[in-house]
Structures are given as C-alpha cells and as structure tokens.
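The sequence lines fix the lettering, A, B, ..., with proteins before strands; numbering per chain opens at 1. It should be emphasised that the depicted structure is a prediction, and the values quoted were computed from it without experimental measurement.
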Number of protein chains: 2
Amino acid sequence: MQKDIKPELSTPVEKPISSSQRALVELRSKIFAGELAAGSDHLESELATQLNMSRTPVREAVLTLESQGLLELRPRKGVRIVPLSADDMAEIYEVLTELESLAAERAALAAYDDAELQELAQAIDDMDVAIARDDLDAWAEADDRFHTELVRLGGNSRVISIVHMMSDQVRRARTTTLFMRPLPTKSNEDHRKVLQAIKRGDGDCARITHRSHRREAKKIIVELLQKHRLRFL
Amino acid sequence: MQKDIKPELSTPVEKPISSSQRALVELRSKIFAGELAAGSDHLESELATQLNMSRTPVREAVLTLESQGLLELRPRKGVRIVPLSADDMAEIYEVLTELESLAAERAALAAYDDAELQELAQAIDDMDVAIARDDLDAWAEADDRFHTELVRLGGNSRVISIVHMMSDQVRRARTTTLFMRPLPTKSNEDHRKVLQAIKRGDGDCARITHRSHRREAKKIIVELLQKHRLRFL
DNA sequence: GCATTCCATTGCGTATGCATTAAATGATGC
DNA sequence: GCATCATTTAATGCATACGCAATGGAATGC
C-alpha cells in the first residue's frame, strides 16, 4: 500500500470537511460523552436535525458506526447505541489481549532504539505520576497512550485498526469502570517489564508478560462488573 | 402473543430482500469471483446500472464493504477493489493466528462433548479424503470449514466476526495461493492434535499447537508470494 | 513545441420526495 | 373484556435531482 505522497503546501490548507465526516465525528463524540446514552434509540431524522444536515450523510455515518460495533440499526425503532454487558467486556478484552500481545512481540523483534521507545517510556512515567497524584483521569489517558503506542510499534495496520475499534467500544464504559476498580498500582510494573523485554528484543517475554498483564486486568474488570450487576444501560 | 400470528403457507419464508442487501451480497460475490478484479476501479453509477438499482443502495453497500477492507473509496476515480500485497497477507495471517489460537483455547476450556465436536472431526476427515484425491478445491472448502467451526466453538462473537472479515480478504487470493503451495499433507496432523487437545480440555496445548500451525502456514505462503513477486494485481 | 489558463464534462456529496411497510391505534365481533 | 382485523401514522429504503469541484482537454500565449 503506497501512502499518498503529498508534499503539502506551506499553508496548512483549509479543510472543506464533508458532512458525512462531520456526522461521523460528532456522533462518535456524542456517544463517548454519553450525550447519546447506551441503550437509547434515536431516529435518523432526529439526528439529522440535531446535526443540521439531511438524513443522507447521517445515514452514511450511522452505517459506518454500525460496522464498528458502536451502533445497531433497528429498522423501525431508530438506531440504538449498543449497550455493553459484562460478557461483551470479556469478549473485547480477550481480543485486545491477544492482539496487543502480538504487537508487543513484534515490537520487540523490530529492534527499536531507545529514542523510538521514548513515547512508551514517557507514558509509563506519566502513569506513575498520575497514580502518585491519585489522578485517575490522567492515569487513564496515559494508559491509553501506552497501549496505543505499543500497538503502533507492533507495525501491523490491521491490528492497529482492530484494537482501535475495540478500545472505542470500551472507552465509553471507562468512566464507570475507572472509579470502580482498585488503583492499578501494580499495573505499571508489568508495563515496565514489557518495555524492558522490547528493548532487549525478547519477543516471547514481551508477549507473555503483556498477555498475563491483560488477562489479569480483564479478570478484575469482569468480576467487578458482574458483582455490581452493571450492564451499562 | 408471540405465537404464530399466521399459519403461513407451506413455503418456508418470503424474502423481500432489500436492495442494499442485494448490492452487498452481489458485490461480494463478484469480488470473490474475480469479476471485479483486484486493483480495478469502478464508478458508483456503473455498479448501479450493473445491479439494476439506483446509486443509493450501491453506495451503502460500498461503504460497508469499505469498512470491511474489501474496497477503497477514491473520490473521483471510483471504488477500487483493494489489492493485497505479500505484506498484507502477512498482516492478515498474524491476526488470524492469534485469534484462532485464542478460539482453540476457549473451545478446549468449554468442555464440549464429542457430538459437539463432530463438525470439526468431519472437516478433518474431509481434508484427508480431499488430499488423497488430490482435490484442492475440496480441501480448501474443508479447511475453511475447520477454521470457521473452530472459531465458532471459541464462542467469542467478536473473534468470529473479525476472523470472518480477515478470511474474506484472503479468500479472493486463495485461488492463486492454492495452486502455488505444496500439498498440505502435514497440515492435518496439526488439526488432529488441536482437536485432541480440545477434547482433552487442554487449553494451552490447543492454543500453542494451533498457533505454531498457523505461523507455519503464514511463513510458507508469504515466502511463496515474495518469491513469485505476486501482488494480486 | 511547451506551458498556462479556461472551459466542458462528469462523478460525487447531499438534499429531497415518494412508496412501502412496520407499528400503533381504534373498531368490530364474540 | 378479549381478540382479531382494519385504519392510520410515520420511519425507512430507495430513487431522483442538483450543485460543486475536480479532471481532462482545448485554446491561447509565449
């Protein structure tokens, strides 16, 4: 796949931003912001007026979001923001576990130098700081950054986009899970181990370490969800 | 209330089949049949007349297919059937490897009885027969069946749909790769080992065995592709 | 001959209108 | 009262229309 080669003018270039793109972006953020709550139904026309455009671009955005698992199209009842059950969380975490572990392995085998692993190291440090300050939001942000960067370093574009999709589905629930779960103090030890393994070029160690790290996280979250009988409705 | 409202004729079910559904199905099969060749460009209006419908449902189908990685929308040049490079194949196989291995593990831990594993066993036998007869098509079909069933038994719906997507991308290339690669005689030994591990409930063994099986297959295919300089254009 | 500008073409993005049909409501018979 | 059927309502699926902007080519200037 050849990337589009654009020398790009000195001027940043104005973005005409298409309506369907805007619909996509805005609907996504409304979903993440909880403005469109999980489990709620919305008519296409309703969303259209809300976004100040016709049904057509909304429909396209909705179709895309559906294929990404954030929405569900129900013929006469409007689009439904899919609610996540504990089982769904388990499924998603399983996928994330495997694909991120793969990425960790590939990253280790790619022989990145320290400079290229800077972002990863930074994310880990930021998590430490956040934990020390008891700042859960900052921790979540840095944790996200760590995982995103890890996957990017893995270099498999399909893994990147799948992980992105799955993370999106989980992201909405993060607000809830974040404050339920115990402070992830031990978590960063694992992150450091993974980083060290990558630096060492030890693919198996990176993979296995990250794998058990993720499995552990999954177990904790799913148990919490089941205990609290939460369904994210 | 939910009881049968209408005795309904002896005919099973009437299918009103929507246009966009039809567009989706027909475009897919045209792609797999090579009627829409990889790398070729097609205008929306062209496809619309071809399918005897307006641009709208075609557009919707195309959008969906794009999000599934089979198409690429290029503003003024029409939709392009995405060609796969050797690197793409490698990426896809990596994803398949990890997710199928996960499925194998989960299947083993699910304690299925022999009856429930019948389909899997059957697929393996069919592959043996196909190999003995030198019938590559039959082998490919049974192999597909094996992997599909394995993933189904894994029970993770997200894994199922991702694997399905990835398999689709690869399926188009199958015609080519099938006849290049050496007869997969050893392959079935691995399949049997996986099945045995599942019957035994040995998750780790199932996972590891399937994993190395898939990694092997990936290596062979990718090397072949690189050697032959094939790009599926 | 080469480059630059202008124009015609046309594919796409979006809006709009219409027909279909699923759901809801009311009517009718028992 | 309850259930079945008819009628109405309205959301969707699809067709169609239209303007814009990009592309290719012609025309003009050098």
Side-chain angles (χ1 to χ4, degrees), chain A residues 2 4-9 11-28 30 36 39-67 70-82, chain B residues 1-9 11-28 30 36 39-67 70-82:
Chain A
Q2 305 98 321
D4 48 345
I5 311 136
K6 282 187 180 177
E8 205 61 22
L9 302 177
T11 21
V13 178
E14 298 298 328
K15 284 187 180 182
I17 187 73
S18 85
S19 283
S20 47
Q21 286 290 56
R22 189 162 66 81
L24 200 67
V25 173
E26 303 215 351
L27 287 179
R28 285 174 80 87
K30 273 172 195 278
L36 297 178
S40 61
D41 292 325
H42 306 270
L43 299 178
E44 289 178 3
S45 40
E46 180 189 315
L47 296 173
T49 27
Q50 222 171 31
L51 297 179
N52 227 43
M53 55 181 74
S54 87
R55 273 177 50 219
T56 312
V58 173
R59 195 144 219 281
E60 295 191 354
V62 156
L63 242 12
T64 305
L65 291 172
E66 184 195 29
S67 75
L70 289 174
L71 295 179
E72 210 176 0
L73 253 74
R74 313 194 310 169
R76 295 269 147 184
K77 327 190 92 178
V79 297
R80 141 171 291 217
I81 316 298
V82 303
Chain B
M1 299 177 257
Q2 296 104 317
K3 302 186 75 175
D4 50 345
I5 309 127
K6 289 180 182 178
E8 204 57 26
L9 303 176
T11 21
V13 178
E14 298 294 329
K15 282 187 179 181
I17 187 72
S18 85
S19 284
S20 47
Q21 286 290 58
R22 189 163 65 83
L24 201 66
V25 173
E26 303 215 350
L27 288 179
R28 284 175 81 87
K30 273 171 194 278
L36 297 177
S40 62
D41 293 324
H42 306 270
L43 298 179
E44 288 177 6
S45 39
E46 180 189 318
L47 295 173
T49 28
Q50 222 171 30
L51 297 179
N52 228 43
M53 56 181 74
S54 85
R55 271 178 51 220
T56 313
V58 173
R59 197 144 216 282
E60 295 190 354
V62 155
L63 242 13
T64 305
L65 290 173
E66 184 196 28
S67 76
L70 287 174
L71 296 179
E72 211 177 358
L73 255 75
R74 312 192 312 168
R76 292 268 143 185
K77 327 191 94 179
V79 298
R80 142 171 290 217
I81 316 298
V82 303

>> If I take atom CD in residue A:Glu46 and atom C1' in nucleotide D:dT12, what distance separates them, rounded to the nearest angstrom?
In response: 14 Å

> Which residues pass the side chain to side chain donor-acceptor pair (under 3.5 Å) test with A:Glu44, sequence neighbours left out?
Replying inline: A:Arg55, A:Arg59

> In chain order, what residues pass the side chain to side chain donor-acceptor pair (under 3.5 Å) check against B:Arg74, with sequence neighbours excluded?
Replying inline: B:Asp41

> What integer distance in Å separates A:Leu43:CG from C:dA22:P?
Replying inline: 17 Å

>> Just the rounded figure in Å: distance from C1' of D:dA15 to CD of B:Glu44.
In response: 14 Å

> Is the phosphate of C:dT14, meaning OP1 or OP2, less than 4.0 Å from a side-chain N or O of A:Ser20?
Replying inline: yes

>> Output the rounded distance in Å from CG (A:Leu73) to C1' (D:dT12).
In response: 10 Å

> Atom CD of A:Glu66 and atom C1' of D:dT12: how far apart are they, to the nearest Å?
Replying inline: 14 Å

> Can you check the B:His42 NE2 to C:dG11 C1' distance for me, whole Å?
Replying inline: 16 Å

>> If you compare all heavy atoms of B:Ala23 against all heavy atoms of B:Val58, which two are closest, and at what distance to 0.1 Å?
In response: CB-CA, 4.4 Å

> A:Ser67: what forms a side chain to side chain contact (heavy atoms under 4.5 Å, CB included) with it, not counting sequence neighbours?
Replying inline: B:Ser67

> Given atom CD1 of B:Ile17 and atom C1' of C:dT21, what is their separation to the nearest angstrom?
Replying inline: 16 Å

>> Tell me every residue that passes side chain to side chain donor-acceptor pair (under 3.5 Å) with A:Glu46, counting only those two or more places apart in sequence or in another chain.
In response: A:His42

>> Heavy-atom nearest nucleotide on DNA chain C for A:Pro57 versus B:Val79: which residue maps closer to 5'?
In response: B:Val79

> Can you list the residues that meet the salt bridge (Lys or Arg N to Asp or Glu O under 4.0 Å) rule with A:Glu26, with sequence neighbours excluded?
Replying inline: A:Arg22

>> Without decimals, in angstroms, what is the distance between A:Asp41 CG and C:dA23 C1'?
In response: 14 Å

Write down the protein N/O and nucleotide N/O pairs, taken from nucleotides 16-25 of chain D, whose separation is under 3.5 Å; answer none if there are no such pairs.
{"unit_1": "D:dT16", "atom_1": "O4", "unit_2": "B:Thr56", "atom_2": "OG1", "d": "3.4"}

